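Here the structure is laid out as structure tokens; the discussion comes afterwards.
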Amino acid sequence: MFRNFKMISYVVFGRGSFNQLESILAEKRRDSDSFMVFLVDDVFESGGLIERLPLGSRDQIISVNVDVEPKTVYVDELTDRARNFSSRLPDGIIGIGGGSTLDLAKAVSLMLTNPGSSADYQGWDLIKNPAVYHVAIRYRSIFIAI
């Protein structure tokens, strides 16, 4: 028996897709005090990508290094940085980079709404609370996930 299941809300791809990010994020911004956290692979620190981000006045950029496979302690560190930025949760986590950076963004978005360490959630069906809205951006394509 085959079943279909919904993995992500939608995918934006093709020429100019990055330019749609501002309008995509605008739908999720709650108010003037809201903010998004951008986890950006450190390979993009130079080259102009950071300047192209549609940053709100309170948004946070966290540079991430994925030269080695990220460990749970790194997920916890990034989660703490995102959590300690404000007394409220971010409206979204945006991961920009390759697969490991996108995995980190998803993990942080889950850990912001679930207690304990990310090490507590290694296994199937252990997450109890839905993640913060998150977006995964790979070169030339944007994958939107809630």
Side-chain angles (χ1 to χ4, degrees), residues 5-13 16-146:
F5 58 95
K6 182 177 169 181
M7 291 183 61
I8 59 175
S9 299
Y10 54 97
V11 176
V12 179
F13 64 94
S17 60
F18 192 81
N19 297 330
Q20 297 178 49
L21 184 58
E22 184 170 16
S23 62
I24 291 168
L25 297 180
E27 295 176 12
K28 298 297 179 179
R29 293 186 186 273
R30 292 177 287 201
D31 54 47
S32 61
D33 287 333
S34 68
F35 67 99
M36 302 275 181
V37 175
F38 290 78
L39 298 182
V40 182
D41 191 314
D42 63 5
V43 301
F44 296 115
E45 287 179 334
S46 61
L49 177 70
I50 302 297
E51 291 78 25
R52 293 187 60 209
L53 295 177
L55 298 174
S57 62
R58 295 185 29 87
D59 289 351
Q60 177 184 27
I61 299 174
I62 299 175
S63 181
V64 297
N65 182 283
V66 291
D67 289 342
V68 297
E69 187 68 25
K71 307 289 186 237
T72 55
V73 68
Y74 194 40
V75 172
D76 294 343
E77 175 188 322
L78 294 171
T79 302
D80 287 343
R81 287 181 64 187
R83 185 177 282 129
N84 294 333
F85 183 70
S86 174
S87 60
R88 64 192 276 183
L89 289 176
D91 287 345
I93 303 293
I94 297 86
I96 302 175
S100 292
T101 303
L102 305 186
D103 289 344
L104 283 170
K106 183 176 182 179
V108 168
S109 70
L110 286 163
M111 292 310 303
L112 284 170
T113 57
N114 288 278
S117 168
S118 57
D120 300 334
Y121 297 95
Q122 293 184 342
W124 292 102
D125 300 323
L126 299 175
I127 294 290
K128 302 298 181 210
N129 302 312
V132 169
Y133 173 78
H134 54 283
V135 177
I137 302 174
R138 289 188 56 106
Y139 182 65
R140 294 192 180 178
S141 57
I142 300 174
F143 301 91
I144 309 303
I146 296 176

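Here the structure is a predicted model, which means the values were calculated and not measured.
Considering all non-hydrogen atoms of both residues, Arg83 and Leu112 come closest at NH2-CA, 3.3 Å. Taking all atoms of both residues into account, the shortest heavy-atom contact from Arg29 to Gly56 is NH2-N, 3.6 Å. In plain terms, the two heavy atoms of Gln60 and Ala82 that are nearest each other are OE1-CA, 3.8 Å. Listed here is the closest heavy atom pair of Asn129 and Ile127: O-CG2, 3.3 Å. The two residues Pro90 and Val132 have their closest heavy-atom pair at O-CG1, 3.5 Å. Residues Phe44 and Ile50 approach most closely at O-CG1, 3.7 Å, considering heavy atoms.
The residues Arg30 and Asp91 are annotated as salt-bridged, a charged nitrogen and a carboxylate oxygen being separated by less than 4.0 angstrom. Salt-bridge annotation for Asp76 and Lys71: absent, with no side-chain N of the basic residue lying under 4.0 Å from a carboxylate O of the acidic one. Between Arg138 and Asp41, none of the side-chain N atoms (NZ, or NE/NH1/NH2) sits under 4.0 Å from a carboxylate O, so this pair counts as no salt bridge.
Here the side chain of Asp120 pairs a donor or acceptor atom with the backbone of Ser117 at under 3.5 angstrom. Panel note: side chain Asn114, backbone Leu110; a donor-acceptor pair is recorded below 3.5 Å. In this structure, Arg58 contributes its side chain and Phe35 its backbone to no donor-acceptor pair below 3.5 Å.
The closest side-chain heavy-atom distance from Ile61 to Leu55 is below 4.5 Å. Residues Leu53 and Phe18 have side chains in contact (heavy-atom distance under 4.5 Å, counting atoms from C-beta outward). Inter-residue side-chain proximity for Leu21 and Ile137 is flagged as met; some heavy-atom pair is nearer than 4.5 Å. The shortest side-chain heavy-atom distance between Arg88 and Ser34 falls under the 4.5 Å cut-off. A 4.5 Å side-chain heavy-atom check between Val37 and Ile62 finds at least one atom pair inside the cut-off. Residues Leu25 and Phe38 have side chains in contact (heavy-atom distance under 4.5 Å, counting atoms from C-beta outward).
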- Output, in order, the C-alpha distance, side-chain angles, deciding distance and verdict of side chain to side chain contact (heavy atoms under 4.5 Å, CB included) for Val66 and Val68. CA-CA 5 Å; Val66 291; Val68 297; over 6 Å; no
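Distance check: Ile93 CD1 to Leu39 CG gives 6.0 Å after rounding to the nearest 0.5 Å. Taking CG of Asn19 as the start and OG of Ser23 as the end, the distance is 9.5 Å to the nearest 0.5 Å. Remark: Lys28 NZ to Tyr133 OH distance equals 6.0 Å, nearest 0.5 Å. Atom OG of residue Ser63 and atom CG of residue Leu78 lie 10.0 Å apart, to the nearest 0.5 angstrom. Distance OG1/Thr113 to CG/Leu89: 7.5 Å, rounded to 0.5 Å.
Counted by atom type alone, Gln122 and Thr72 present zero donor-acceptor pairs between their side chains at under 3.5 Å.
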Give every donor-acceptor pair under 3.5 Å between a side-chain atom in residues 102-109 and any protein atom, sequence neighbours left out.
residue: Ser109; atom: OG; partner: Ala105; partner atom: O; Å: 3.4
residue: Ser109; atom: OG; partner: Lys106; partner atom: O; Å: 2.7
residue: Ser109; atom: OG; partner: His134; partner atom: ND1; Å: 3.3

